[in-house]
Novice: 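Before anything else, here's the structure in question.
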Amino acid sequence: MSTAERPVSSNFIRTMISEDLESGRYDQVVTRFPPEPNGYLHIGHAKSFSLNFGLAEDFGGRCHLRFDDTNPVKEDDEFVEAIKADVRWLGFDWGEHLHFASDYFDQLYAWAIQLIKAGKAYVDSQSADEMRENRGTLTQPGIDSPYRNRSVEENLSLFEQMKNGDFPDGTHVLRARIDMASPNINLRDPAMYRILHAHHHRTGDTWCIYPMYDFAHGQGDSIEGVTHSICTLEFEDHRPLYEWFIRELGIFAPQQIEFARLNLSYTVMSKRKLLQLVNDQHVSGWDDPRMPTLVGMRRRGYPPQAIRTFCERIGVGKGASWIDLSVLEDCVREQLNETAFRRQAVLNPLKVTLTNYPADKVEELDAPNHPQQPEQGTRKLPFSAELYIDRADFMEDPPKKFFRLGPDREVRLRNGYIIKCDEVVKDEQGEVIELKCSADLDTLGKNPVGRKVKGIIHWVSAAHAQKVKVRLYDRLFSEENPDKADNYLTALNPASLQETEALVEPGLLEAKSGETFQFERVGYFTVDSSDSQPGQPVFNRTVTLRDTWAKMKS
RNA sequence: UGGGGCAUCGCCAAGCGGUAAGGCACCGGAUUUUGAUUCCGGCAUUCCCAGGUUCGAUCCCUGGUGCCCCAGCCA
C-alpha cells in the first residue's frame with residue numbers, strides 16, 4: 001500500500017517528526033518497537049508497533065525490532081520467537097534490524113564506568129527497604145544515601161566486584177548521582193544496575209549484574225540511531241532521566257515521544273492478569289480465541305488486515321481513550337465481508353419436509369461463493385425433500401415485522417425455492433418438531449409474478465448435511481471495564497464460550513485449518529487451528545453478522 | 001498546598017488566531033435471493049467552566065474544575 005492511497009489522518013507525532021525533519025534536527029526517521037520478551041503480544045502492542053512501523057514507512061525511514069531483555073528472571077526465548085511471529089503476522093518487516101538490549105551489555109557497562117569516573121554514579125549499599133524509605137514521598141524530598149559520597153576509586157572497585165560476582169543479590173546497586181530532592185522521583189538517584197545471579201536467555205551466565213530499563217533503553221535507541229523513540233504515557237516522567245543519561249554520556253540524542261496506550265472495553269490488557277487467566281484456566285491458553293492476544297485473535301479468525309485497519313482507525317493521542325470492542329469487531333467484519341466465501345450452516349435445526357417434492361429426488365443447486373464477487377465461482381448445494389432450517393426462522397405466532405416463516409407464510413430458501421408452511425407438527429409437550437411445507441417449483445432463480453416474498457432463510461439438506469463442532473465465542477468479560485470491579489475475575493462472562501454442533505453443507509468438511517467462511521445470515525467462522533482433524537473441522541465463531549432484526553426486537 | 005500529562009459530537013480524532021475535517025456509531029431513504037453488503041442523505045452556531053487580550057479565540061493569557069500517571073534493585 002502506498003502512502004498516496006492510504007488516507008493518513010494527521011496526529012501530533014507526525015507533526016513533531018515533520019518539524020524535526022524540516023528543522024534539520026534529524027535527516028531521516030528511525031523508530032523501533034521494543035518489547036520485553038516476557039509474554040505474548042496483545043492488541044495494545046499492535047497499536048504500538050503499527051504506529052512505529054507505519055511512521056517509518058510513511059517517512060521513508062526504518063523501524064527496528066528490539067527486545068528489551070534486561071531482566072533475565074522474566075524473559076525467555078519462547079517469547080522472542082512468538083513476538084517475532086506476531087509482528088510478521090501483521091505484515092511488518094524489520095529487515096536487518098533485529099536487536100537486543102543484551103547486545104549492548106558491554107557498552108552499557110563501559111558507560112557505567114564512565115559515569116562513575118565523572119562522579120555521576122555511585123555504588124549504594126543500602127538495602128532495598130532503606131532505599132525506599134530514603135527516597136521520600138510524592139510530597140517530601142528524599143534523603144541522601146550514606147554511601148553517596150564514596151570516592152571514585154571505591155565505586156570503581158565495588159562496581160567491578162559486583163560484576164565479578166563477589167556479592168549476593170540485593171547487597172549493592174549502582175545509582176545515578178542526580179538529586180534526592182528532585183520533585184520528579186525518577187531523578188532521585190535512580191538505580192542503574194542491580195545484582196542478579198540469574199541465567200539470561202541470550203547471554204547465559206556471563207553477567208550477574210544487569211542494567212535497569214532506564215539505563216538501557218535510551219542508550220539502545222542512541223546506539224541504533226533511533227530518531228524518534230515512541231513509548232506510552234507512563235514514561236513521560238522518565239524522559240528527563242532518559243535525556244540526562246544521553247547528555248552525560250555525550251551520545252546521539254533521540255527524541256522520546258509518548259502516546260496514550262489502548263484501552264479496549266470488555267477486556268483486560270495487563271500482562272499479569274492475562275497470565276492469571278491462563279494459569280487459573282479461565283481460558284485454554286494464551287491463544288484462547290477469547291484472549292486479546294494476537295495469537296488468540298489469529299486463532300479466533302481475525303484477519304491481520306482487520307487489526308491494522310483498527311489501529312489506523314483508532315488514531316493516536318495523549319488523552320486516555322477507551323475504544324469499544326465493537327470497533328474492532330467492525331474492522332473484522334469489514335475485512336471478512338470482502339474475503340470470506342459464503343456457506344450455509346444451521347445451528348439450531350428444525351426439520352422441514354417438502355410435501356410436493358419427490359422423496360427420492362436430489363438436486364444440485366448452484367450457489368455463489370461470494371454474491372458480490374461472481375468471479376469467485378460457485379459450489380453445488382444438494383437439495384432434497386427433507387431439510388433443516390434454523391428454529392429462529394420460524395414463529396408460530398409472528399409479530400408484525402417478522403418476515404420469516406410462519407403458518408401459511410411463504411419464505412425464500414436461500415439459493416433455492418420459495419416454500420410455504422402448510423402444517424406445524426408438534427410433540428406431546430407442544431413443542432414444534434417439524435414443518436410440512438410445499439415448494440413453488442417455478443421459483444428457482446426467479447421471482448414469482450404477482451407476489452413478493454421478503455423473507456430469505458438458510459437451510460441444509462437433511463440427508464447431506466454434516467455435523468461439525470462449533471464454538472460460539474462472546475466477549476470474555478461482561479463488564480465494560482473489568483478493572484473497575486473489586487476483582488476483575490468476577491466480571492468474567494460465564495457465557496463467553498458455548499460449545500455446540502451445527503449441520504453444515506457437505507463441502508465444509510474439507511475446510512482447511514485457518515480458513516474463514518461466512519455462514520450466511522449467521523456469522524463468520526474459522527477452522528480452529530489446534531483442534532481440527534482432517535475431514536473433521538472445528539469451527540470457531542469469529543464474529544456474528546450485524547443483526548438489525550435482533551436490535552429491533554430489543 | 002510534590003511533579004508530569006490530558007480535556008473538541010455517543011466513541012475515536014483533525015484543527016496550531018480567520019470563523020468546527022474525517023472515521024465509527026446513530027437516524028432516515030434506495031438497491032438486494034444474506035433483516036448482511038452496497039449506495040445516497042442527515043448528524044457540534046459550538047470546542048470542560050469563568051474571565052481577559054484581539055476586528056476576530058477551540059487555538060494566546062489568567063483563574064478554576066475534572067480525569068490519568070509517578071514513591072520497583074519491573075519494563
Side-chain angles (χ1 to χ4, degrees), chain A residues 7 9-12 15 34-36 38 68-71 73-75 124 126-128 131-133 135-142 169-175 181-188 190-196 209-210 212-214 216-217 231-240 258 260 265 271 312-324 326-327 330-331 333-334 337-338 342 344 367-368 370-372 401-404 412-418 443-447 453-458 518-523 544-552:
Chain A
S9 151
S10 176
N11 63 52
F12 76 102
T15 305
E36 182 187 17
N38 68 344
D68 266 352
D69 53 350
T70 55
N71 186 0
V73 304
K74 290 188 173 181
E75 297 152 6
D124 195 350
Q126 296 182 100
S127 68
M131 267 182 68
R132 189 182 333 109
E133 276 164 33
R135 187 155 28 233
T137 68
L138 293 179
T139 52
Q140 290 165 271
D169 290 4
T171 50
H172 305 274
V173 63
L174 184 72
R175 290 231 255 174
S182 172
N184 180 346
I185 290 178
N186 293 299
L187 261 21
R188 319 240 261 231
M192 294 163 57
Y193 266 94
R194 76 285 215 188
I195 300 171
L196 242 33
I209 57 170
Y210 292 92
M212 301 288 291
Y213 164 86
D214 283 309
H217 194 88
C231 60
T232 44
L233 249 26
E234 65 268 28
F235 291 103
E236 231 159 4
D237 290 338
H238 293 242
R239 182 162 15 105
E258 311 84 9
S265 64
K271 219 168 261 184
E312 279 172 32
R313 191 167 288 177
I314 61 176
V316 49
K318 298 197 71 159
S321 63
W322 275 92
I323 309 290
D324 198 88
S326 63
V327 176
D330 280 328
C331 294
R333 288 191 189 98
E334 195 175 299
N337 176 50
E338 285 294 313
R342 306 299 112 129
Q344 287 187 177
H370 193 127
Q372 279 77 46
K401 292 282 190 69
F402 186 84
F403 43 76
R404 274 110 97 152
R412 159 78 67 182
L413 291 178
R414 175 74 170 153
N415 297 126
Y417 301 93
I418 287 174
T443 53
L444 188 61
K446 55 184 167 182
N447 285 318
V453 176
K454 190 150 169 83
I456 298 153
I457 64 173
H458 55 100
Q518 183 195 95
F519 290 178
E520 283 185 302
R521 303 211 314 130
V522 180
T544 60
L545 250 33
R546 262 201 208 93
D547 190 349
T548 51
W549 167 243
K551 219 179 285 178
M552 280 167 67

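On a predicted model such as this, the values are computed, not experimentally measured, just so you know.
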Novice: If each of A:Ile456 and A:Val327 is mapped to the nucleotide of RNA chain B with the nearest heavy atom, which maps nearer the 5' terminus, i.e. the 5' end?
Specialist: A:Val327
Novice: Provide the distance between the two P atoms, one in B:rC70 and one in B:rC61, to the nearest whole Å.
Specialist: 28 Å
Novice: How does protein reach along nucleotides 3-8 of chain B, written 5' to 3' as B (base within reach of a heavy atom under 4.0 Å), S (only sugar-phosphate), or - (no contact)?
Specialist: BSSS--
Novice: Send over the distance from A:Asn186 CG to B:rC69 P, rounded to a whole Å.
Specialist: 15 Å
Novice: With a non-hydrogen cut-off below 4.0 angstrom, is A:Gln126 in contact with a base, only sugar-phosphate, or nothing?
Specialist: base
Novice: Taking the minimum atom-to-atom distance to the side chain of A:Trp322, which one of B:rG23, B:rG35, B:rC12 wins?
Specialist: B:rC12
Novice: Classify A:Val522 by what it touches in the nucleic acid, base, sugar-phosphate, or nothing, heavy-atom distance under 4.0 Å.
Specialist: nothing
Novice: Any side-chain N or O of A:Ser10 less than 4.0 Å from the OP1 or OP2 oxygen of B:rG15?
Specialist: yes
Novice: Hey, is A:Glu36 close enough to A:Lys271 for a salt bridge, meaning N to O under 4.0 Å?
Specialist: no
Novice: Under 4.0 Å, heavy atoms only, any strand: does A:Asn71 hit a base, just the sugar-phosphate, or nothing?
Specialist: sugar-phosphate
Novice: Measure from the side-chain heavy atoms of A:Ala191 and tell me the nearest of B:rC70, B:rC73, B:rU34.
Specialist: B:rC73
Novice: Tell me what A:Arg135 touches on the nucleic acid: a base, only sugar-phosphate, or nothing, going by heavy atoms under 4.0 Å.
Specialist: sugar-phosphate
Novice: Taking the side chain of A:Lys551 as heavy atoms from C-beta outward, which of B:rU34, B:rC26, B:rA75 is closest to it?
Specialist: B:rC26
Novice: Pick base, sugar-phosphate or nothing for A:Met131, based on heavy-atom distances below 4.0 Å to the nucleic acid.
Specialist: base
Novice: Quick one: label A:Ser127 by what it contacts on the DNA or RNA (base, sugar-phosphate, nothing), any heavy atom closer than 4.0 Å.
Specialist: base
Novice: Between A:His172 and A:Thr443, which has a closest nucleotide on RNA chain B that is more 5'?
Specialist: A:Thr443
Novice: At under 4.0 Å between heavy atoms, what does A:Gly170 touch on the DNA or RNA strands: base, sugar-phosphate, or nothing?
Specialist: base
Novice: Taking the side chain as C-beta and beyond, is there a heavy-atom pair between A:Arg132 and A:Gln126 under 4.5 Å?
Specialist: no
Novice: Separation of A:Arg132 atom CZ from B:rC74 atom P, in whole Å?
Specialist: 12 Å
Novice: Which part of the nucleic acid does A:Pro240 contact within heavy-atom distance under 4.0 Å: base, sugar-phosphate only, or nothing?
Specialist: nothing
Novice: Is a donor on one side and an acceptor on the other found under 3.5 Å between the side chain of A:Arg188 and the backbone of A:Arg135?
Specialist: yes
Novice: Heavy atoms from C-beta onward define the side chain here; which of B:rU34, B:rC12, B:rG23 lies closest to that of A:Arg521?
Specialist: B:rU34
Novice: Side chain of A:Ile185, heavy atoms from C-beta onward: which of B:rC70, B:rC69, B:rG35 has the nearest atom to it?
Specialist: B:rC70
Novice: Indicate syn or anti for B:rG72, taking the glycosidic torsion and treating anything within 90° of 0 as syn.
Specialist: syn
Novice: Which of the following nucleotides, B:rC74, B:rG35, B:rC73, is nearest to the side chain of A:Phe403?
Specialist: B:rG35
Novice: Whether the side chain of A:Gln372 and the base of B:rA36 hold a donor-acceptor pair under 3.5 Å is what I'd like checked.
Specialist: yes
Novice: Can you check the distance between B:rC16 and B:rG23, where both ends of the measurement are the C1' atom (answer in whole Å)?
Specialist: 22 Å
Novice: Over all strands shown, is A:Ser265 touching base, sugar-phosphate only, or nothing at heavy-atom distances under 4.0 angstrom?
Specialist: nothing
Novice: What does A:Leu187 touch in the nucleic acid at a heavy-atom separation under 4.0 angstrom: a base, only the sugar-phosphate, or nothing?
Specialist: nothing
Novice: Which nucleotide in the list B:rG23, B:rU34, B:rC74 gets nearest to the side chain of A:Arg313?
Specialist: B:rG23
Novice: Quote, to the nearest angstrom, the P distance that separates B:rA44 from B:rC11.
Specialist: 16 Å
Novice: Name the nucleic acid region contacted by A:Ser321, choosing base, sugar-phosphate or nothing; use a 4.0 angstrom heavy-atom cut-off, strictly under.
Specialist: sugar-phosphate
